[in-house]
Each structure stands twice: as structure tokens, then as C-alpha cells.
*Asks:* 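One structure coming up, written as C-alpha cells, with questions to follow.
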Amino acid sequence: MAVARQLRQNPRELAMQVINALSGNELIARAEVAGPGFINIFLNDDMLAAKASACLSDPGALIVPSQHPQTIVVDYSSPNLAKEMHVGHLRGTIIGDSIVRILEALGHCVLRQNHVGDWGTQFGMLIAHMNSLSSDNRAFSNNLADLEGFYRAAKQRFDAEPGFADQARAYVVKLQQGDADCLTAWQRFIEESLQHCEEVYNLLSVGLKRNDLRAESFYNKDLPTIVHDLFDKGLLTESDGAQCVFLDEFKGKDGSPLPVIIQKSDGGYLYASTDLAAIRYRSDNLGADRVLYVVDARQSLHFQQVFAVARAAGFVRENCKLEHIAYGTMMGEDGKPFKTRSGDIVKLRELLAEAVSRAQYLVTEKNPDLSDSEKALIASTVGIASVKYSDLSKNRTSDYVFDWSSMLSFEGNTAPYLLYAYARIQSVLRRLEEESIFPGDHIQLQQSEERSLAVKILQFAELVQLLGEDCYPNQLCLYLYELSGLFMKFYEGCPILKSEGQVRTSRLALAKLTAATLKNGLNLLGIEPLQRM
RNA sequence: GCACCCGUAGCUCAGCUGGAUAGAGUACCUGACUACGAAUCAGGUGGUCGCAUGUUCGAAUCAUGCCGGGUGCGCCA
């Protein structure tokens, strides 16, 4: 209808012309004009059935690889190693991981980058606190087991003891100058903190490995060069003793020019400097066609600035796209940034443990006959999948309300719904396998439930392609929920066990294809399906 | 002050490159287990899509203004 207006034609007449042009297309059974000029296209059932059948023998056909594979750098998770990971790290970590899985499935060369915060002022404070304890090695190790408490203790002293604060600042300088003792202490702390992260990554099945670490300290050696090159390009301006880049498009308070501070007045560097070094590394050394920053939306101004400076300075190749994949802030139930009643932050480990224990309770209730080991496997899968799904299923740009009950819910549009659909299919397949009845090679679509289900399955490839561009995993969640819903309707309306002959093998095949699609989609979310639950 | 994001059912959220009667989940009310697995299914109650104006054959969606909330704006990351 939009085209009709441009062409100044009657929309219904134009629709007729389109329909005539479509005639002969074997995919289309019939097409008709509706309302002011809508075209309703009815797909040919035989072609649908043939396409679905073709996927049976080649499950890889469910996802169509990109015709233009790219090298894509994805910067995600990137926790600050000074503290333990908390619920605020959940989004970036699992959204990033899902995006990585989707891009890899599309055949892109994906380079994960875990840009952990391991450098800067707060590490001076931590080293100072460490060194005051390190005379007693055991006490030190015990202290570090609770990273959060360790940080809090150090911070308390930093704020309360002037001598300690001076010591901390001195340690930062020594560290950045490469002092051996400082480096040893620092490395010990980093190692401890990384093990905490890896524990969480393992629990979440997040694919970040040591190889993917590219910490802030990694770019330390490049920072003087960044300053030097910006100076050479004439982009650098001294302002109040700091080295800054001023760009016309950014204005601060009262319309005053807003700087990107590259080097502090005391000679120290900031995160903008590190990010610039990282951009150059990703563009030139990693050869990225696209760099995705999966980072909290509150940093969008920062990234706009850094991207603009990188462009202006030529730190990034023309054909390398830089994108901030922003996600919303986590809020409390009061609509304010999230804190527990006591003002603490919920640790990620605690949240996941709670989820697993609730799932354990439920699985024991639902399926008391399962072995303990199987119950434990189901509980950990269901519990953690629920936490991931409740987060992934929300539009990433929206602010995020943290709520125990919705995050740990197992009913409705939740991970268990999808897992349950999958487990049901496996159950039917097992049953018939015992009678030596196997899915057929050909799917026939006779009832509306079969048809709707097949259409949905065939839309999967297109969706994944779109996800590779937009990076909204919640659309995948919605798809899988609808797919499961259509399967449930099919399951109710089209009995498999009680049918016979070709109808039975066709339905069984359709169920199997549904399972394959579900498994594929769940994998893209970072969720492993269960054979039974 | 400026910029970005957000206001959709009691609650949590989809839908936003304009399209047909605005959708889920949850909560609440009915109904369905001698079972292809009830972590399910079928049905019902529940909406001035923040307000207003505009563009359009047509607006939750686009534009402008207003109201309300969040976030960010020079040496933290």
C-alpha cells in the first residue's frame, strides 16, 4: 500500500497485479486481495511438507550460514576483578554469550574478548590491604575467599585511614611502573578473582576461557602511543592540565565543550585511553569487520565519544563497524537501582545456588522416583536455565527489575516450559522406539496443528539471520516459546501413539523435527535440553 | 540546563523500519489426569497503549509539545 501511494495507483489494483505476477510460484497455493489492499498468501501444503521433510535428513539446514562471513569481535562480561561477580553482571555475560553463539552458528569467525578490569586506582587499595595481611599467609587466603568482604574492608580503611590511602595511591604508581613485588601481589589477587569468575562461567555454561581474556592491563603498554598519535593528528588539547580531545558534537553542562580525557593531569590514564587502544588492537591486530560492545546502556555516551575519537584519529579501519549493544540497568522493586534490603548486592553465585535448590525441591516433588544423580542434573539445568531465560527473554534495552520470584519461577513463559516440551518429545520417541517404530522420512500436513507447527519450524532460519544483525536474544526466546506452544497444541490435537501407519511416522517425524529446532534454539541461548525432567 | 532511554491489563513484560479485532505470562475464576508426562491444556474476568496536537486512507508504532520515571554529562571504571 505504501508502494501504491508512491506509484499513485489504486492499492487493490496493484495488489492484483502482484498476485498475477506471483502465479505459477510453486510455494503458493493461492493469493487473494483483502481489505484496502492487503495480499493474503496461502502456502502450498505439499511444498511446506517437502521443505520440512528435507530438514529431517539434514538438521544443519535449520540454520542457513551467512553468505558473507565476517570476523566479529564481541566484548562481553568484562567484570571488574576488584569485586566478586554479582547479579548486575548477569545480563552482559549471558546476552553476550548468546550473541556469540548465534554469530558462530551463522558461520562468522567470532573472537570473544573479556575486557576485565584489572588495573587502576582500586588495585592500589587492594594491594595495600593484602600486604598488611600477608605476614599471615593463611589468614590472607581465607580473607580472599570472600572477595566482596575483602574489597569492603580495604575500602573502609581507604576512607578512614589517611596513611593507608596514601600507601594505596603509592602502590598504584609502583604497579604501573612495573615494580616486581607489587606485580606479584597484584597477580596473586587477579588469579584468585579470575577463579571466582570462572566458577560462575562454568555454572552458567558461558564459553569464556583464559584465551579470551584481554584485560585492561594488556593495553597498558600502548597508552603512551595513543597519546602520542592523537597529538600528531592535532586532536589533543590541554585543559586544566589534562590531555583531552574535544569534538564538536559533544556538549556538556551549560553547552560547554565536552572533553574525552585521554590523560589525567597527574599523567595517569583513564578508561577512554584503554578503550581507544583496544579499538585499534581489534581493528588492526584482530582484523575485525565488526566489534560489538555488550555493555550497560549507562555507558552509551562514553562509547559514542570513544567511537568518534577512534574514527577521527584513524584508529579503526573504515570498513570496521563499531556497535554498542546496550542493555538496561537492573532496578530494585522500588524502581531504584538495585540493592537488597540490607543494602548489599546479591552475588551471582548465591542467586544460582538458590535457583538450583528451588528446582531440586520441585523435581523431587514431581518426580520422586528418579535417581539422586538424575535429580541433581535436572535441578541444576532447570534452575540455571530459568535464571538465564528470565533475563534473556526481556528486551535488552529495557531497564531490568530484579525480583527473586519472577527470576526463579518455573511456570508459564519460562525455560522449564521449553525444556518440558523437549522432554515430552523425547519421551514419545523412546516409547515408540521400544516398539521399533521410528520417525518417517516424509512429513504430511493434514491437520491445522501440524501445519502451523511446520510453518513455525521453517521460520527458524530467517529469525536466526535477523538475530545476527540486531542482537536481540529475547526474540529467540519468544520464538521458542511460541514453537513450544504450537507443539503442545499439536500434541493435544494430533495423537501420535494412537495413530497408525504413515500418519504416525509423519507425526513422529514432525515431533522429532520440533525437538531438533528446540535444541538448536536452546543452544543459541546457552541452555542444554534434558532427555527427561 | 543539555543528551539518551522508558511510560502498554492489578503485577512482570512482548509488540515500535505505520496496517486488519493491541498480545503473552502471572494473579483471580471455570473446566480437563484409569495419562502419547498436569512443570501441561481448554475457557473466562482484566486495556482512554502517560496526555495533547499533527502527518496519514490507517498511529501503541512517525513528528512536535507537555507530564511522570530512569540514566549520563572533566580528570572512577
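This structure is a prediction, so every number in the text was calculated from the model and none was measured.
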*Asks:* When rounded to the nearest Å, what value does the distance between C1' atoms of B/C6 and B/C49 take?
*Replies:*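 Rounded to whole Å, the distance is 14 Å.
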*Asks:* Who is the Watson-Crick or G-U wobble partner of B/A35, with both distances under 3.5 Å?
*Replies:*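 Paired with B/A35, as far as the under-3.5 Å criterion goes, is no nucleotide at all.
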*Asks:* With respect to the side chain of A/E216, which nucleotide from B/A38, B/A77, B/C75 is positioned closest?
*Replies:*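 Selected nucleotide (nearest to the side chain): B/A77.
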*Asks:* Check this one for me: any side-chain N or O of A/R430 less than 4.0 Å away from OP1 or OP2 of B/G37?
*Replies:*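 For A/R430, the contact criterion (side-chain N or O under 4.0 Å from OP1 or OP2 of B/G37) is not met.
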*Asks:* Under 4.0 Å, counting only non-hydrogen atoms across every strand here, what does A/V363 touch: a base, just sugar-phosphate, or nothing?
*Replies:*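 The residue A/V363 makes base contact.
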*Asks:* Nearest-Å distance, CD (A/E492) to P (B/G31)?
*Replies:*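 These atoms are roughly 18 Å apart.
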*Asks:* Which of the following nucleotides, B/G74, B/U40, B/C76, is nearest to the side chain of A/T121?
*Replies:*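 From the listed options, B/C76 comes nearest.
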*Asks:* Give the rounded distance in Å between these two atoms: CG of A/D118 and C1' of B/A77.
*Replies:*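 Between C1' of B/A77 and CG of A/D118: 12 Å.
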*Asks:* Keeping the roles fixed (side chain from A/N114, backbone from A/S78), state whether a donor-acceptor pair exists under 3.5 Å.
*Replies:*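 Yes, because the side chain of A/N114 sits within donor-acceptor range (under 3.5 Å) of the backbone of A/S78.
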*Asks:* Would you check if the distance from the ring center of A/F487 to the ring center of A/Y422 is below 6.0 Å?
*Replies:*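 Ring-ring flag for A/F487/A/Y422: false, centres at least 6.0 Å apart.
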*Asks:* Could you tell me how far B/G70 sits from B/C29 if I compare only their P atoms? Round to whole Å.
*Replies:*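 Their P atoms lie roughly 35 Å apart.
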*Asks:* Which nucleotide in the list B/A20, B/C73, B/C75 gets nearest to the side chain of A/L301?
*Replies:*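 Nearest to the side chain of A/L301 among the choices is B/C73.
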*Asks:* Counting any heavy atom closer than 4.0 Å, what does A/D470 reach on the DNA or RNA strands: base, sugar-phosphate only, or nothing?
*Replies:*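 Nothing: the residue A/D470, judged by heavy atoms under 4.0 Å, touches no strand.
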*Asks:* Counting only side-chain heavy atoms from C-beta out, which of B/A77, B/A14, B/G74 sits nearest to A/L270?
*Replies:*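 Looking only at heavy atoms from C-beta outward on A/L270, the closest nucleotide is B/A77.
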*Asks:* Report the nucleotide, chosen from B/G25, B/G15, B/U40, that has the shortest atom-to-atom distance to any side-chain atom of A/Y481.
*Replies:*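 The answer is B/G25, which lies nearest to the side chain.
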*Asks:* Taking only side-chain nitrogens and oxygens of A/S398, does any of them come within less than 4.0 Å of OP1 or OP2 of B/A14?
*Replies:*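 Looking at the OP1 and OP2 atoms of B/A14, one of them is under 4.0 Å from a side-chain N or O of A/S398.
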*Asks:* My understanding is that only one of A/H302, A/Q305, A/R280 makes a side chain to side chain donor-acceptor pair (under 3.5 Å) with A/D275; could you say which?
*Replies:*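 The side chain to side chain donor-acceptor pair (under 3.5 Å) with A/D275 is passed solely by A/H302 among A/H302, A/Q305, A/R280.
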*Asks:* Between A/R424 and A/S409, just flag the one whose closest nucleotide in RNA chain B comes earlier from the 5' side.
*Replies:*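 Taking each residue's closest nucleotide, the earlier one in sequence belongs to A/S409.
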*Asks:* Please state how far atom OH in A/Y271 lies from atom P in B/G74, giving the value in whole angstrom units.
*Replies:*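 Taking OH of A/Y271 and P of B/G74, I get 10 Å after rounding.
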*Asks:* Decide, yes or no, whether a salt bridge links A/R91 with A/D296 under the criterion of side-chain N to carboxylate O below 4.0 Å.
*Replies:*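 No salt bridge links A/R91 with A/D296.
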*Asks:* Hey, is A/R30 close enough to A/E32 for a salt bridge, meaning N to O under 4.0 Å?
*Replies:*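 Salt bridge present between A/R30 and A/E32.
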*Asks:* Check whether any side-chain N or O of A/N413 sits under 4.0 Å from OP1 or OP2 of B/U26, and answer yes or no.
*Replies:*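 Answer no for this pair, as no side-chain N or O of A/N413 is under 4.0 Å from OP1 or OP2.
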*Asks:* Would you kindly give the CZ-to-P distance between A/F158 and B/C76, to the nearest whole Å?
*Replies:*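 It works out to 10 Å between those atoms.
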*Asks:* Report which part of the nucleic acid A/S265 touches: base, sugar-phosphate, or nothing (heavy-atom distance under 4.0 Å, all strands).
*Replies:*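 Here A/S265 touches the bases of the nucleic acid.
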*Asks:* Which value, in whole Å, describes the distance between the C1' atoms of nucleotides B/C33 and B/A27?
*Replies:*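 That atom pair is separated by 24 Å.
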*Asks:* Closer than 4.0 angstrom, basic N to acidic O: yes or no for A/E148 and A/K347?
*Replies:*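 Answer for the salt bridge query: no.
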*Asks:* Could you tell me how far apart A/H302 (NE2) and B/C75 (C1') are, to the nearest whole angstrom?
*Replies:*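 In whole Å, B/C75 C1' and A/H302 NE2 are 14 Å from each other.
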*Asks:* Determine which nucleotide pairs with B/A42, using a 3.5 Å limit on both distances of a Watson-Crick or G-U wobble pair.
*Replies:*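 Result: B/U30.
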*Asks:* What is the distance, rounded to the nearest whole Å, between atom CG of A/N474 and atom P of B/A24?
*Replies:*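 After rounding, the gap between these two atoms is 18 Å.
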*Asks:* A/H115 and A/Y219: ring-ring contact (aromatic ring centres under 6.0 Å, His included), yes or no, with the steps?
*Replies:* CA-CA 10 Å; A/H115 190 79; A/Y219 300 103; 5.7 Å; yes
*Asks:* B/G74 C1' sits how many Å from A/K264 NZ, rounded?
*Replies:*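 Computing the A/K264:NZ to B/G74:C1' distance gives 12 Å.
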*Asks:* Can you tell me, in whole Å, how much space there is between the P of B/U64 and that of B/C11?
*Replies:*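 Comparing P positions in B/U64 and B/C11 gives a spacing of 30 Å.
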*Asks:* Measuring only the P atom in each nucleotide, how far is B/A60 from B/C51? A whole number of Å is fine.
*Replies:*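 Those two atoms are separated by 11 Å.
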*Asks:* What's the closest nucleotide to the side chain of A/F246 if the choices are B/U40, B/G37, B/G74?
*Replies:*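 Shortest atom-to-atom distance from the side chain points to B/G74.
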*Asks:* Within the structure shown, what part of the strands sits under 4.0 Å from A/G117 by heavy-atom distance: base, sugar-phosphate, or nothing?
*Replies:*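 Here A/G117 touches no strand at all.
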*Asks:* Provide the distance between the two P atoms, one in B/G47 and one in B/A9, to the nearest whole Å.
*Replies:*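 That atom pair is separated by 10 Å.
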*Asks:* Nearest to the A/A242 side chain among B/G72, B/A39, B/C75, which nucleotide is it?
*Replies:*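 Nearest to the side-chain atoms of A/A242, counting from C-beta on, is B/C75.
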*Asks:* Are A/R451 and A/E449 ion-paired here, with the side-chain N under 4.0 Å from a carboxylate O?
*Replies:*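 Salt bridge: no.
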*Asks:* Any donor-acceptor pair, under 3.5 Å, between the side chain of A/D275 and the base of B/A77, if you only look at N and O atoms?
*Replies:*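 A donor-acceptor contact between them is absent.
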*Asks:* Using whole Å, what does the distance between atom C1' of nucleotide B/G15 and atom CD of A/Q475 come to?
*Replies:*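 In whole Å, B/G15 C1' lies 10 Å from A/Q475 CD.
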*Asks:* Please classify the nucleic acid contact of A/A511 as base, sugar-phosphate, or nothing, using heavy-atom distances under 4.0 Å.
*Replies:*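 A/A511: no heavy atom of the nucleic acid under 4.0 Å.
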*Asks:* Do we get A/R214 above A/Y281's six-membered ring, with its NZ or CZ under 6.0 Å from the centre and within 45° of the axis?
*Replies:*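 Not satisfied by the 6.0 Å and 45° rule.
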*Asks:* Given the C1' atoms of B/G10 and B/U45, what is the spacing between them in whole Å?
*Replies:*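 Per the computed distance, 12 Å lies between those C1' atoms.
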*Asks:* With both distances kept under 3.5 Å, what pairs with B/U64, Watson-Crick or G-U wobble?
*Replies:*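 Matched B/U64 with B/A52 under the 3.5 Å cut-off.
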*Asks:* Checking base pairs now: Watson-Crick or wobble, both atom distances under 3.5 Å. What partners B/A14?
*Replies:*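 Base partner found: none.
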*Asks:* Taking the nucleotide of RNA chain B with the nearest heavy atom to each, does A/K498 or A/D266 sit closer to the 5' end?
*Replies:*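 Going by which nucleotide is closer to the 5' end, it is A/K498.
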*Asks:* Check this for me: does any side-chain nitrogen of one of A/E354 and A/R358 sit under 4.0 Å from a carboxylate oxygen of the other?
*Replies:*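 Counted as a salt bridge, because a side-chain N and a carboxylate O are separated by less than 4.0 Å.
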*Asks:* Looking at B/C73, I'd like to know if its phosphate oxygens (OP1 or OP2) sit under 4.0 Å from a side-chain N or O belonging to A/R298.
*Replies:*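 Answer is no, no contact under 4.0 Å.
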*Asks:* Heavy atoms from C-beta onward define the side chain here; which of B/A20, B/A39, B/G37 lies closest to that of A/V428?
*Replies:*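 Of the options given, the side chain of A/V428 lies nearest B/G37.
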*Asks:* So what's B/A22 paired with, Watson-Crick or G-U wobble, going by both distances under 3.5 Å?
*Replies:*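 Here B/A22 is not engaged in any pair, so there is no nucleotide opposite it.
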*Asks:* Identify whether any heavy atom of A/L362 sits under 4.0 Å from a base atom; if not, whether one sits that close to sugar-phosphate; answer base, sugar-phosphate or nothing.
*Replies:*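 The residue A/L362 makes base contact.
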*Asks:* Quick check on B/C13: is either OP1 or OP2 less than 4.0 Å from any side-chain nitrogen or oxygen of A/K394?
*Replies:*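 So the side-chain polar atoms of A/K394 never come under 4.0 Å of the phosphate oxygens OP1 or OP2 of B/C13.
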*Asks:* Applying the Watson-Crick and G-U wobble criteria at under 3.5 Å, what pairs with B/C4? Answer none if nothing qualifies.
*Replies:*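 With both distances under 3.5 Å, B/C4 matches B/G70.
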*Asks:* Of all the nucleotides listed (B/A77, B/G74, B/A39), which has the minimum atom distance to the side chain of A/I261?
*Replies:*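 Looking only at heavy atoms from C-beta outward on A/I261, the closest nucleotide is B/G74.
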*Asks:* Centroid distance below 5.5 Å plus an interplanar angle below 30 degrees: do A/F38 and B/A20 meet both conditions?
*Replies:*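 One would call A/F38 stacked on the B/A20 base.
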*Asks:* Between B/U71, B/A39, B/G15, spot the one nearest the side chain of A/P416, thanks.
*Replies:*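 Of the options given, the side chain of A/P416 lies nearest B/A39.
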*Asks:* At under 4.0 Å between heavy atoms, what does A/A421 touch on the DNA or RNA strands: base, sugar-phosphate, or nothing?
*Replies:*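 Counting heavy atoms under 4.0 Å across all strands, no contact is made by A/A421.
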*Asks:* Base, sugar-phosphate alone, or nothing: which one does A/N80 contact when heavy atoms must sit under 4.0 Å apart?
*Replies:*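 Answer is nothing: A/N80 stays at 4.0 Å or more from every strand.
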*Asks:* Regarding A/F250, tell me which of base, sugar-phosphate or nothing describes its non-hydrogen contacts under 4.0 Å with the strands shown.
*Replies:*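 Result for A/F250 = nothing.
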*Asks:* Would you tell me if any nitrogen or oxygen in the side chain of A/K489 comes within less than 4.0 Å of OP1 or OP2 on B/A42?
*Replies:*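 For B/A42, OP1/OP2 do have a side-chain N/O of A/K489 under 4.0 Å.
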*Asks:* Between B/G15 and B/C57, how many Å separate the two P atoms, rounded to a whole number?
*Replies:*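 One P to the other, the span is 29 Å.
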